[in-house]
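Below is one structure, written out as structure tokens, with a few remarks after it.
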Amino acid sequence: MIKPIANYEAYLEAYQKSVDQPEAFWADVASHFQWRKPWDKVLDWNFDEPKISWFEGAQLNITENCLDRHLAEHGNKLALIWEPNDPKERFVRYTYRELHEHVSRFGNVLRKNGIEKGDRVCIYMPMIPELMVAVLACARIGAVHSVVFAGFAAHSVADRINDSGCKMVITADALNRGAKQIPCKAVVDEALAECQTVEKVIVFERVGWPVHMEPGRDFWWHDELKGVSAHCEPAVMEAEDMLFILYTSGSTGKPKGVVHTCGGYMVYTAYTFANVFQVKPNDVYWCTADVGWITGHSYLVYGPLLNGATTLMFEGVPTYPDPGRFWQVCDKHAVTIFYTAPTAIRSLMAAGEDHVLSYSLDKLRVLGSVGEPINEEAWHWYHIHVGKERCPLTDTWWQTETGGIMIAALAGVSPLKPGHAGYPLPGVQPVLLDQEGKEIEGNDREGYLAIKFPWPSMIRTTYGDHERCRLNYFDTYKGYYFTGDGARRDEQGMYRIIGRVDDVINVSGHRFGTAEIENAINQNEHVAESAVVGYPHDIKGQGIYAFVVCREKEFDPVNLKGEITETVVAQIGKIAKPDKIQIVSGLPKTRSGKIMRRILRKVAEGDISNLGDTSTLLDPLVVDEIVEGKL
Ligand code: PRX
């Protein structure tokens, strides 16, 4: 098992070694795992193609490392605590032995239904233990999981299924979310009308909703488990075999399938989990992220299990039945490490301290933040009222593409500074680049954040389109992985992430490309064209502001806005609902037809004092109209 770095000097030493001798450094970390066959070469790489290969020649199965290897000594330790949406419903606890058995049985269900190594399986499920079981069962038999967040609408689910040619979908009848119940199976049915590759659908009954079951295609989870053996031989995987695909939004086109592979992902997520959270054997660790996002993959499922930790999974939302729910769960299960997103903190902060004060948070030892910049006010509130000023609060910067945490304090080991992710983890070599792609030396400087050396869990490709991966991440600045973020290095060399510098917006920690939302809006028959920008939002971090040009001269603005919202919800899901829609007669464009987003961003941000030179626009008057109609 990985022993966390104990003090700051040891961190500096580990960091130096990871830069001077990266292969020796990672070989040493990797030696803490169970491999079926050792590697021939630790690292082979170039950022031109790009080609990144870690632990080439090695063989493993990640679930043997997550589960089997803990059984002898820790089989009766809790692997999973599951807390339901409704506080009155019974919670569920699985020991490592029980989780191993569930995963093995379900692995056999997958095999029985024709799933083989390398097949892609779409998982569209609520936050229930079976979601974790489904993910691990895929990994057990070498199938590639593609978890799709259960808030996405049918069309988005279909796009993702089609892009990776999934053979199976695993879903549930419906899900509980606060006071609401939301269909899952019906969404899958609608999606499958657009898909050709799916042969079978396995449905877990969570809510008891009536669902349509297509004969020969759809099967109940509980029926399939009948008489299935609890022994499931793990598939032997090459280190660079695909482990999973996770779709994420970029600045252009449709969401892309980020590919992570078995060996490097395992080593890096386990290492970073142990070190960032400074995990101890008796910790109860709770990451509030949904498994539909990378945080749920790396730090709810894989990272904790690889370390033999107890991980808590929560089905509900922070505000149901009231805004004390998170703290009640911490109290109830004696949570020691708590990892959440700034948007949740901001919304609970708005509900007042009383909810926090009603519960005992004595056991809490470490706090974490992820997904977006945490503003100082939220940082202090979290640190003071939740952490009682005694829990280190680590702000963790990373991305779907990085697989694991890149820049963050090791809790209680590294210095903390509100609003700053801090220093890079061992193995991570960040740089700031200027417009020309030249490295900016020294501290107290700002630039584009890039990484100049590979780390084990970095993106390998975008599924089915390697060139897209190259263009997106490795082409803007030759020789670097470009993150799409801007950052500042302060006087002490600590990093502060400023935010995206591309056309990606981060709404409550969810990533959307502006083009993706525009494409959805443009599906509405009344819309001629649209432009979407982000603007600062008190709770969500960024809100979605859409400027829309209507086809018709006469229209009812209220109806039209309602229809546009419905279109976006139907195309992407409620999570992408625009916060503001301004109907305009035209968009500010250059003479060559390019939309001047800079101007729209300023209007959306309410900063109209300096819109820059608008005289070169095709129709400068349109700007006056937009400013006047600002929402
Ligand atoms: O802009 C950064 C922001 O979220 C982006 C990555 O989004 P996603 O792939 O969905 O992964 C989110 C969870 C890892 C980044 O490019 N971001 C993430 N964490 C932070 C952050 N911005 C500031 N501070 C963070 N701690």
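Because the structure is predicted, anything quoted here is derived from the model rather than measured. Order of listing sets the numbers, starting from 1, for every ligand and every atom in it.
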Is the distance between the ring centroids of Phe273 and Tyr285 less than 6.0 Å? yes
Any idea which protein heavy atom is nearest atom 13 (C) of ligand 1, and the distance to it? Thr295 OG1, 3.4 Å
Nearest protein heavy atom with distance in Å, relative to atom 20 (C) of ligand 1: Glu372 N, 3.5 Å
Closest protein heavy atom (residue, atom, distance) for atom 12 (C) of ligand 1: Gly371 CA, 4.1 Å
Using a strict cut-off of 4.0 Å, indicate which atoms of ligand 1 neighbour a heavy atom of Trp398. 6 (C), 14 (C), 15 (C), 18 (C), 19 (N)
Quiz question: by atom type and distance under 3.5 Å, do the side chains of Tyr299 and Thr272 form a donor-acceptor pair? yes
Return the residue, atom name and 0.1 Å-rounded distance of the protein heavy atom closest to atom 9 (O) of ligand 1. Thr400 OG1, 2.5 Å
Judged by heavy atoms only, the candidate from His510, Arg500, Met406 nearest atom 5 (C) of ligand 1 is Arg500
Does the ring center of His297 lie less than 6.0 Å from the ring center of His260? no
Using a strict 4.0 Å cut-off to heavy atoms of Asn506, name the atoms of ligand 1 that fall inside it. 3 (C), 4 (O)
Glu377 atom CD, over 12 foreign heavy atoms within 6.0 Å: no
What I want to find out is whether Asp163 reaches Lys254 closely enough, with some N-O distance under 4.0 Å, to be called a salt bridge. no
From atom 23 (C) of ligand 1, work out which of Gly368, Ala289, Pro373 has a heavy atom at the shortest distance. Pro373
Look only at interatomic distance and state if Thr483 has a nitrogen or oxygen under 3.5 Å from any nitrogen or oxygen of ligand 1. no
Heteroatom proximity flag, Gln399 to ligand 1, N/O under 3.5 Å: yes
Salt-bridge test for Arg325 and Glu83: reply yes if a basic N is under 4.0 Å from a carboxylate O, no otherwise. yes
Flag the pair Tyr271 / Trp455 as yes when their ring centroid distance falls below 6.0 Å, and as no otherwise. no
Whether Asp241 and Arg460 form a salt bridge (side-chain N of Lys/Arg under 4.0 Å from carboxylate O of Asp/Glu) is what I want to check. no
Taking atom 10 (O) of ligand 1 as the reference point, the nearest protein heavy atom with its distance: Arg511 CD, 3.4 Å
Checking heavy atoms under 4.0 Å, the part of Val504 that sits near ligand 1 is neither
For Thr396, take its heavy atoms, then give the atoms of ligand 1 lying under 4.0 Å from any of them. 19 (N), 20 (C), 25 (C), 26 (N)
Are Thr394 and Tyr339 close enough, and set up right, to give a side chain to side chain donor-acceptor pair (under 3.5 Å), and what steps lead you there? CA-CA 9 Å; Thr394 172; Tyr339 190 30; over 6 Å; no
How far is atom 2 (C) of ligand 1 from the closest protein heavy atom, and which atom is that? Asp485 OD2, 3.1 Å
